[in-house]
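Bear in mind the structure is a predicted one, so any value in this text is a computation, not a measurement.
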Amino acid sequence: MLIDDIKALKAAKQAIILAHYYQDPDVQDIADFVGDSLELSKIAATTDAKMIVFCGVNFMAETAKILSPDKKVLLPVENAQCPMALMINAKKLAEYKAAHPERKIICYVNSYADVKALSDVCVTSSNAEKIVSHYQNEKILYIPDKNLGTYLKDKYHWDIETWPGYCSIHNNLKPDDVLVQKALHPNALVLIHPEAPLAVLKLADYIGSTKGIIEYAKRSPNREFIIGTEKGILHPLKKANPDKTFYLLNEGLSCADMKMTHLDDVYRCLKNETFEITLPEKILEKASLSLKRMLEMSS
């Protein structure tokens, strides 16, 4: 059986499997740890496994490698990418920095290592507010997600410029999506990820990361929820709350890159040790500074 084979290979190779909440349910279920970017970043930094198999997209596996440079980090599917991360590159960021040396570069973890290497600190959707508050008296460039940056600027009136990047899944959400679902489910609370546009977020009952949404639903006495993030989150939500009902805000909330990884990919990855993440030493060292600063400031 494929699952037994994966477990046997994992034990033999002293490997650990990490999976993001947006992965398919069977991939989540085979993982040792399932989480959002912050959780998995912390695990990557503390695990004593010799090998990390990261079921997600490539910037996540890069992050694990940066925080665990002595471990072999593998990505089951080579071309699983984050479209948002591709919306910024080191050359363009370096040009911006040269023209705006007064701006602190706050880098969303959905970015590649060479971009992180040029940044002052990284953030995730879980800790962005806390970390950016440390720079509230500074001029800030938030990269690459315009929506999360705009949300923070609107909420706190900080001096934040935003890069014109976005998550194509969340960015497609519209206020009408909320109004339609609320009309269908008037007793449901609306929980939305901050990568959505500001006009949509203003209609939410709760705004938070994937982990934040899961924790909010667990704590809430409410029985129905409208979920505004990638549909992979429904699996852990239903597992943790079997007596509650969840509705997707929009049926288009599915990330094709996150859905590329299947159990047979995990098996082949472990068996053949394919698609290893490697980074130039200089990039690795510089990127680690912004990530370690994130972990220190979010603890």
Side-chain angles (χ1 to χ4, degrees), residues 1-11 13-68 71-85 109-110 124-126 167 169 193 195 209-215 217-218 227 229-241 246 253-277:
M1 186 177 179
L2 190 56
I3 291 175
D4 292 334
D5 291 341
I6 290 171
K7 290 179 178 178
L9 279 169
K10 186 180 68 170
K13 300 200 175 190
Q14 299 180 54
I16 189 172
I17 300 175
L18 308 180
H20 194 275
Y21 286 127
Y22 296 166
Q23 293 287 295
D24 279 334
D26 56 353
V27 175
Q28 292 187 39
D29 288 342
I30 198 66
D32 296 286
F33 295 95
V34 180
D36 62 11
S37 295
L38 178 59
E39 276 188 295
L40 297 177
S41 295
K42 288 179 175 178
I43 292 165
T46 59
T47 178
D48 58 0
K50 292 184 177 180
M51 181 185 296
I52 297 171
V53 175
F54 210 120
C55 302
V57 291
N58 51 11
F59 83 81
M60 297 179 180
E62 275 194 357
T63 301
K65 183 63 178 180
I66 294 164
L67 294 173
S68 301
K71 296 179 175 64
K72 178 174 281 192
V73 179
L74 306 175
L75 185 69
V77 179
E78 185 177 27
N79 60 339
Q81 302 185 85
C82 172
M84 183 200 296
V109 74
N110 296 42
T124 72
S125 53
S126 296
C167 166
I169 306 302
H193 196 283
E195 290 176 13
S209 67
T210 46
K211 177 68 171 178
I213 288 172
I214 291 169
E215 291 301 318
K218 285 169 63 176
I227 304 299
T229 192
E230 213 277 348
K231 69 178 185 180
I233 198 177
L234 295 179
H235 183 58
L237 278 170
K238 291 174 180 177
K239 285 177 68 174
N241 306 276
F246 301 94
L253 285 165
S254 180
C255 175
D257 285 274
M258 279 291 193
K259 298 295 187 275
M260 285 182 175
T261 305
H262 305 292
L263 287 181
D264 55 346
D265 298 307
V266 179
Y267 170 75
R268 283 194 296 269
C269 179
L270 275 165
K271 181 181 179 181
N272 302 319
E273 300 185 18
T274 49
F275 311 133
E276 181 179 0
I277 301 298

Output the distance between atom [atom1] ([X]) and atom [atom2] ([Y]), rounded to the nearest 0.5 Å.
{"X": "Ile66", "Y": "Phe59", "atom1": "CD1", "atom2": "CZ", "value": "11.0 Å"}
{"X": "Leu263", "Y": "Asp26", "atom1": "CG", "atom2": "CG", "value": "4.0 Å"}
{"X": "Leu9", "Y": "Tyr267", "atom1": "CG", "atom2": "OH", "value": "6.0 Å"}
{"X": "Met260", "Y": "Cys255", "atom1": "CE", "atom2": "SG", "value": "8.5 Å"}
{"X": "Met84", "Y": "Ile169", "atom1": "CE", "atom2": "CD1", "value": "10.5 Å"}
{"X": "Met60", "Y": "Cys55", "atom1": "CE", "atom2": "SG", "value": "11.0 Å"}

Can you tell me if [X] uses its side chain to pair, donor with acceptor, with the backbone of [Y] under 3.5 Å?
{"X": "Asp257", "Y": "Gln81", "value": "yes"}
{"X": "Lys65", "Y": "Lys71", "value": "yes"}
{"X": "Gln28", "Y": "Gln23", "value": "yes"}
{"X": "Asn241", "Y": "Leu237", "value": "yes"}
{"X": "Lys13", "Y": "Glu273", "value": "no"}

message: Apply side-chain contact (heavy atoms from CB on, under 4.5 Å) to residues Ser37 and His20 and explain how you reach the verdict.
response: CA-CA 7 Å; Ser37 295; His20 194 275; 4.3 Å; yes
At their closest point, which heavy atom of [X] faces which heavy atom of [Y], and how far apart are they?
{"X": "Leu2", "Y": "Asp264", "answer": "CD2-N, 3.8 Å"}
{"X": "Phe54", "Y": "Pro76", "answer": "O-CD, 3.0 Å"}
{"X": "Val34", "Y": "Tyr21", "answer": "CG1-CD2, 3.5 Å"}
{"X": "Ile3", "Y": "Ile30", "answer": "CG2-CD1, 3.4 Å"}
{"X": "Ile233", "Y": "Thr210", "answer": "CD1-O, 3.6 Å"}
{"X": "Ile277", "Y": "Ala61", "answer": "CG1-CB, 3.6 Å"}

- request: Please step through side-chain contact (heavy atoms from CB on, under 4.5 Å) for the pair Thr261 and Asp24, ending with a clear verdict.
  value: CA-CA 8 Å; Thr261 305; Asp24 279 334; over 6 Å; no
With a 4.5 Å limit on heavy-atom distance, are the side chains of [X] and [Y] in contact?
{"X": "Ile17", "Y": "Ile6", "value": "yes"}
{"X": "Glu276", "Y": "Leu74", "value": "yes"}
{"X": "Lys259", "Y": "Lys231", "value": "yes"}

- request: Could you please spell out the steps behind the side-chain contact (heavy atoms from CB on, under 4.5 Å) verdict for Asn110 and Cys167?
  value: CA-CA 9 Å; Asn110 296 42; Cys167 166; over 6 Å; no
field: Lys50: side-chain contact (heavy atoms from CB on, under 4.5 Å) partners, not counting sequence neighbours
entry: Gln14
task: Step through the shown structure and confirm whether more than 12 heavy atoms of other residues, nucleotides or ligands are within 6.0 Å of NZ on Lys10.
output: yes
field: Residues Glu39 and Lys42 bridged, charged N to O under 4.0 Å
entry: no
Electrostatic pair Asp4-Lys7, nearest N-O below 4.0 angstrom: no
Stepwise side-chain contact (heavy atoms from CB on, under 4.5 Å) check, Lys211 with Thr124: CA-CA 11 Å; Lys211 177 68 171 178; Thr124 72; over 6 Å; no
query: How would you list, by chain and number, every residue that makes a side chain to side chain donor-acceptor pair (under 3.5 Å) with Ser126, sequence neighbours excluded?
result: Asp36, Ser209
